[in-house]
Asks: 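Sharing a structure here in structure tokens format.
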Amino acid sequence: MRAAVIHGPRDVRVEERPDPKILTPADAVIRVVAACVCGSDLWPYRGVRETRSPHPIGHELVGVVEEVGADVTVAAPGDFVIAPFSLSDGTCQSCRAGFTSACDHVTMFGGPDRDGHPVDGAQGEYVRMPLADGSLVRVPGPVDDALVPDLLTLSDVMSTGHHAAVSAGVGPGSTVVVVGDGAVGLSGVLAASRLGAERVIAVSRHADRAELASEFGATDVVAERGDEGIAAVRDLLGGDLADSALECVGTKESMRQALGSVHGGGRVGYVGVPAGGSELPIGYLFSRNLTVGGGMAPARAYIPELLPDVLSRAIEPGRVFDLELGLEDVAEAYAAMDERRAIKVLLRP
């Protein structure tokens, strides 16, 4: 099969790799219908985060079940499924508490499973899926191809934006600032609006992203960053600050802006993969009585809640994909996102 492999900074190639096979009774083999490039994939691509290389890459996919192991009951060959970006057993204490990304046996694409077997990357034609029963979500068929981008966002980006909003306590009547205008930030805008926020302020310097944020429910857009961005929020709110902020980038600067955008006793939900520096100033949190929650989104726990809204077209999170390419063009997919020529790229094997 063909699959994307990262060899080093700015070096992603499509290569021939062994076809996946059932290795344990808990496995499924999935034919990938669509995958995509995540903002967090850009950290190793840019060399910001060291990673072993070469190795398969990608962690977001939807596809059709080809084969299942003897213990798999959640799906059968021919079923269309969503695979969350982190795989979980569904039975440990963390999973039972709804935090599947903290599973005792959490398994990531491109790494080893609990038995030490290698797991394929999602940016390929096929994937062996360990922990299938605890991870896969079956989508009732037949599945309209027009829904594929929306369904794909549930594997990570929409679930992650939702996690930021939930962690920040967003609810009816809330005032929310969303720091970050990438696909996660835009999904956070959509999630905050879906949860009933009265005012959603998106932080964006890019006209196309700001426009999509507005279509997703942002009531205001702030272009300034840092202290100027915090001051702009205060101006918009008549001297007040927001109830909640969603930190959707992962840098020290974005966390600082999120923390500064909420009033005393406010809440920040963070989902940006940490990418440098000390992001949490404990003294500031203490003096302002701020609550910070979030982390790696438990996508598997959120998919059943979000899926009906996607199927009914109540939300269309797949609009974050503004470029679609074939798998053979994966190098261009990474370059387009790295150079901010695309918000998020969908890949078709």
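Remember, predicted model here, so these are calculated numbers, not experimental data.
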Asks: Contact between Glu215 and Glu211 at the side-chain level, heavy atoms closer than 4.5 Å - yes or no?
Replies: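 When only atoms from C-beta onward are counted, Glu211 and Glu215 do touch, with a gap below 4.5 Å.
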
Asks: So if I apply the side-chain contact (heavy atoms from CB on, under 4.5 Å) rule between Phe216 and each of Val200, Ile315, Leu186, Val178, which one comes out positive?
Replies: Leu186

Asks: Is there side-chain contact between Arg2 and Glu15, with heavy atoms separated by less than 4.5 Å?
Replies: no

Asks: Indicate yes or no: at least one non-hydrogen side-chain atom of Pro84 is less than 4.5 angstrom from one of Thr100.
Replies: no

Asks: As an exercise, state the distance from CG of Asp150 to CG of Leu311, rounded to the nearest 0.5 Å.
Replies: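 If we round to the nearest 0.5 Å, Asp150:CG and Leu311:CG are 9.5 Å apart.
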
Asks: Please name all residues satisfying salt bridge (Lys or Arg N to Asp or Glu O under 4.0 Å) with Asp113, sequence neighbours left out, ordered by chain then number.
Replies: Arg128

Asks: Output side-chain donor-acceptor pairs under 3.5 Å for residues 297-306, partner residues at least two apart or in another chain, one line each.
Replies:
residue	atom	partner	partner atom	Å
Arg300	NE	Ser135	O	3.2
Tyr302	OH	His163	ND1	2.8
Glu305	OE2	Arg194	NH1	3.4

Asks: Give me the one residue out of Glu66, Glu125, Glu67 that meets salt bridge (charged side-chain N to carboxylate O under 4.0 Å, His left out) with Arg31.
Replies: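 That would be Glu66.
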
Asks: Are any of the side-chain heavy atoms of Lys344 and Cys38 separated by less than 4.5 Å?
Replies: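 Lys344 reaches Cys38 side chain to side chain.
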
Asks: Examine distances only and state if a side-chain atom of Ser101 and a backbone atom of Met296 form a donor-acceptor pair shorter than 3.5 Å.
Replies: yes

Asks: Has Arg288 got a side-chain atom pairing as donor or acceptor with Val262's backbone, closer than 3.5 angstrom?
Replies: yes

Asks: Begin from the C-alpha positions of Arg13 and Asp11 and carry the test salt bridge (Lys or Arg N to Asp or Glu O under 4.0 Å) through to its verdict.
Replies: CA-CA 7 Å; Arg13 312 172 196 172; Asp11 186 2; 2.8 Å; yes

Asks: What distance do Met158 atom CE and Ser187 atom OG have between them, rounded to the nearest 0.5 Å?
Replies: 6.0 Å

Asks: NE2/His206 to CG/Leu212 distance, rounded to the nearest 0.5 angstrom?
Replies: 13.5 Å

Asks: Hey, is the main chain of Ala342 close enough, under 3.5 Å, to the side chain of Asp322 for a donor-acceptor pair?
Replies: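 Checking the backbone N and O of Ala342 against the side chain of Asp322, no donor-acceptor pair under 3.5 Å is found.
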
Asks: Should Asp181 and Arg340 count as an ion pair when the cut-off is N to O under 4.0 Å?
Replies: yes

Asks: Taking side-chain contact (heavy atoms from CB on, under 4.5 Å) as the criterion, tell me which of Leu136, Asp79, Val65, Val137 meets it with Val74.
Replies: Leu136

Asks: Can you measure from NE2 (His162) to CG (Leu195) and round to the nearest 0.5 angstrom?
Replies: 5.5 Å

Asks: Could you state the interatomic distance from CZ (Phe85) to OG1 (Thr160), rounded to the nearest 0.5 Å?
Replies: 5.0 Å

Asks: Can you tell me how far CZ of Arg267 sits from CG of Leu246, rounded to the nearest 0.5 angstrom?
Replies: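 Between Leu246 CG and Arg267 CZ, I get 11.5 Å after rounding to 0.5 Å.
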
Asks: Search all heavy atoms of Ser40 against all heavy atoms of Pro44 and return the closest pair with its distance.
Replies: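 It is O-CD, 3.3 Å.
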
Asks: Are Asp145 and Arg348 ion-paired here, with the side-chain N under 4.0 Å from a carboxylate O?
Replies: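 Answer for the salt bridge query: yes.
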
Asks: Arg199 vs Asp240, test: salt bridge (Lys or Arg N to Asp or Glu O under 4.0 Å). Steps then yes/no.
Replies: CA-CA 13 Å; Arg199 196 141 185 199; Asp240 288 342; over 6 Å; no

